[in-house]
Amino acid sequence: MQIKSVFMFVSMLLLNGCSVKVPHDITLVKHFELPRYLGEWYEVARIDNRFEKGLSKVSANYSLRNDGGVKVVNRGWDSNGKKWKESIGKAYFVESSDIGALKVSFFGPFYGGYNIIKLDEDYQYSLVVGPNKDYLWVLSRTPTMPPELLNEYLSFASNHGFDRQRILIFQ
């Protein structure tokens, strides 16, 4: 009986840790156009997480896969190891392709949420969140963004319940 309880507990942790849901009070970007989103993005700010801990100069490149999904190549500088780290994953739309909600996997059958909640009309700046308010990224087509625009994105996140004190800024 004890083994069954441990198995159920671990299963619940995996399911919660690999959720593709959107935080309940968050609205996704509508009228999303994947071809305009593809290409190189730079991480300008984030809430630190275990898989990016200690990384700087993080970028993500999105390209089409043959199966209709998105190839994701994340790259970041590990200053402790003095080397670049790279992860290659895949992403697929959770709902329809015109809603900014994708599920992303970097290992096996486990997916996490990639939810776009703010995107400028020129597809130059993006605010992405995970399944809960512990995951947030401000992305830009260039390694920096104008300070007033970054502040606008951070204020938007704060107004939606994200803890601004936890957000690391990289510019």
Side-chain angles (χ1 to χ4, degrees), residues 11-78 84-143 145 153-154 156-157 160-162 166-168 170:
S11 296
M12 291 300 291
L13 282 176
L14 285 174
L15 288 173
N16 286 331
C18 299
S19 175
V20 298
K21 293 182 180 178
V22 183
H24 73 282
D25 57 345
I26 298 294
T27 302
L28 296 164
V29 165
K30 308 263 188 302
H31 311 292
F32 180 74
E33 298 175 39
L34 179 60
R36 295 180 67 199
Y37 199 81
L38 297 174
E40 194 79 14
W41 288 88
Y42 297 90
E43 190 178 88
V44 175
R46 75 169 180 256
I47 292 179
D48 215 10
N49 55 70
R50 71 180 187 282
F51 48 89
E52 288 183 292
K53 199 105 178 127
L55 296 182
S56 62
K57 302 177 186 171
V58 176
S59 64
N61 188 286
Y62 306 112
S63 59
L64 285 178
R65 291 172 45 98
N66 290 336
D67 65 0
V70 177
K71 179 180 180 182
V72 180
V73 179
N74 285 351
R75 190 167 193 242
W77 177 251
D78 176 3
W84 289 97
K85 288 191 171 183
E86 187 173 274
S87 295
I88 299 174
K90 57 189 174 183
Y92 299 94
F93 284 101
V94 174
E95 298 177 33
S96 68
S97 62
D98 66 338
I99 297 174
L102 294 100
K103 59 182 186 176
V104 179
S105 177
F106 288 95
F107 33 86
F110 303 106
Y111 284 86
Y114 184 100
N115 303 298
I116 305 163
I117 65 169
K118 185 169 175 61
L119 179 64
D120 73 303
E121 65 182 45
D122 295 326
Y123 284 62
Q124 297 300 300
Y125 308 103
S126 178
L127 180 60
V128 178
V129 302
N132 59 49
K133 299 201 176 163
D134 290 327
Y135 298 94
L136 174 138
W137 298 268
V138 178
L139 305 176
S140 171
R141 293 293 190 170
T142 58
M145 61 193 288
Y153 275 66
L154 295 175
F156 183 90
H160 286 82
F162 290 86
R166 293 181 60 203
I167 299 173
L168 304 176
F170 297 100

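Worth saying up front: this structure is predicted, and the values here are computed from it rather than measured.
- Taking 4.5 Å as the limit, every side-chain heavy atom of D98 sits out of range of all side-chain heavy atoms of K30.
- Here the closest heavy-atom approach between residue Y123 and residue E33 is recorded as OH-N, 2.9 Å.
- Here D67 pairs with R65, Y92 under the side chain to side chain donor-acceptor pair (under 3.5 Å) rule; sequence neighbours left out.
- Between D48 and R166, none of the side-chain N atoms (NZ, or NE/NH1/NH2) sits under 4.0 Å from a carboxylate O, so this pair counts as no salt bridge.
- To the nearest 0.5 Å, atom NZ of residue K71 and atom CG of residue N66 are 10.5 Å apart.
- The shortest side-chain heavy-atom distance between F106 and N74 falls under the 4.5 Å cut-off.
- If you take OH on Y111 and OG on S105, they are separated by 5.0 Å, rounding to the nearest 0.5 Å.
- Taking every heavy atom of both residues into account, S140 and V44 meet most closely at CB-CG2, 3.5 Å.
- To the nearest 0.5 Å, the span separating CH2 on W137 from CD on E43 amounts to 8.0 Å.
- When every heavy atom of Y153 is checked against every heavy atom of L119, the shortest pair comes out as OH-C, 4.0 Å.
- In this structure, NZ in K90 is found 14.0 Å from CG in L102, a value given to the nearest 0.5 Å.
- The heavy-atom pair separating G130 from N115 by the smallest distance is O-ND2, 3.1 Å.
- Residue R46 forms a side-chain contact (heavy atoms from CB on, under 4.5 Å) with just one option from V58, I167, L136, and that option is V58.
- L64 places a side-chain heavy atom less than 4.5 Å from the side chain of L34.
- Looking at D120, its side chain does come within 3.5 Å of a backbone N or O of Y125 through a donor-acceptor pair.
- When atom types are taken as modelled, the side chain of R141 and the backbone of Y42 share no donor-acceptor pair closer than 3.5 angstrom.
- Heavy-atom contacts from other residues, nucleotides or ligands closer than 6.0 Å to CD of E86 number more than 12.
- Y37 pairs by the ring pair (Phe, Tyr, Trp, His ring centres under 6.0 Å) definition with F32, W41, Y62, not counting sequence neighbours.
- A distance of 10.5 Å separates OH of Y114 from CZ of F93, quoted to the nearest 0.5 Å.
- Looking at every heavy atom in both residues, V129 comes nearest to I117 through CG1-CD1, 3.7 Å.
- Between F170 and L55, every side-chain heavy-atom pair lies at or beyond the 4.5 Å cut-off.
- Put simply, the side chain of T142 does not reach to within 4.5 Å of the side chain of Q124, judged on heavy atoms.
- Contact annotation: the side chain of V138 never approaches that of F156 to less than 4.5 Å [non-hydrogen atoms, C-beta and beyond].
- Between L28 and G100, the closest heavy-atom pair is CD2-O, 3.6 Å.
- Atom NZ in K133 sits 4.5 Å away from atom CD1 in I26 (nearest 0.5 Å).
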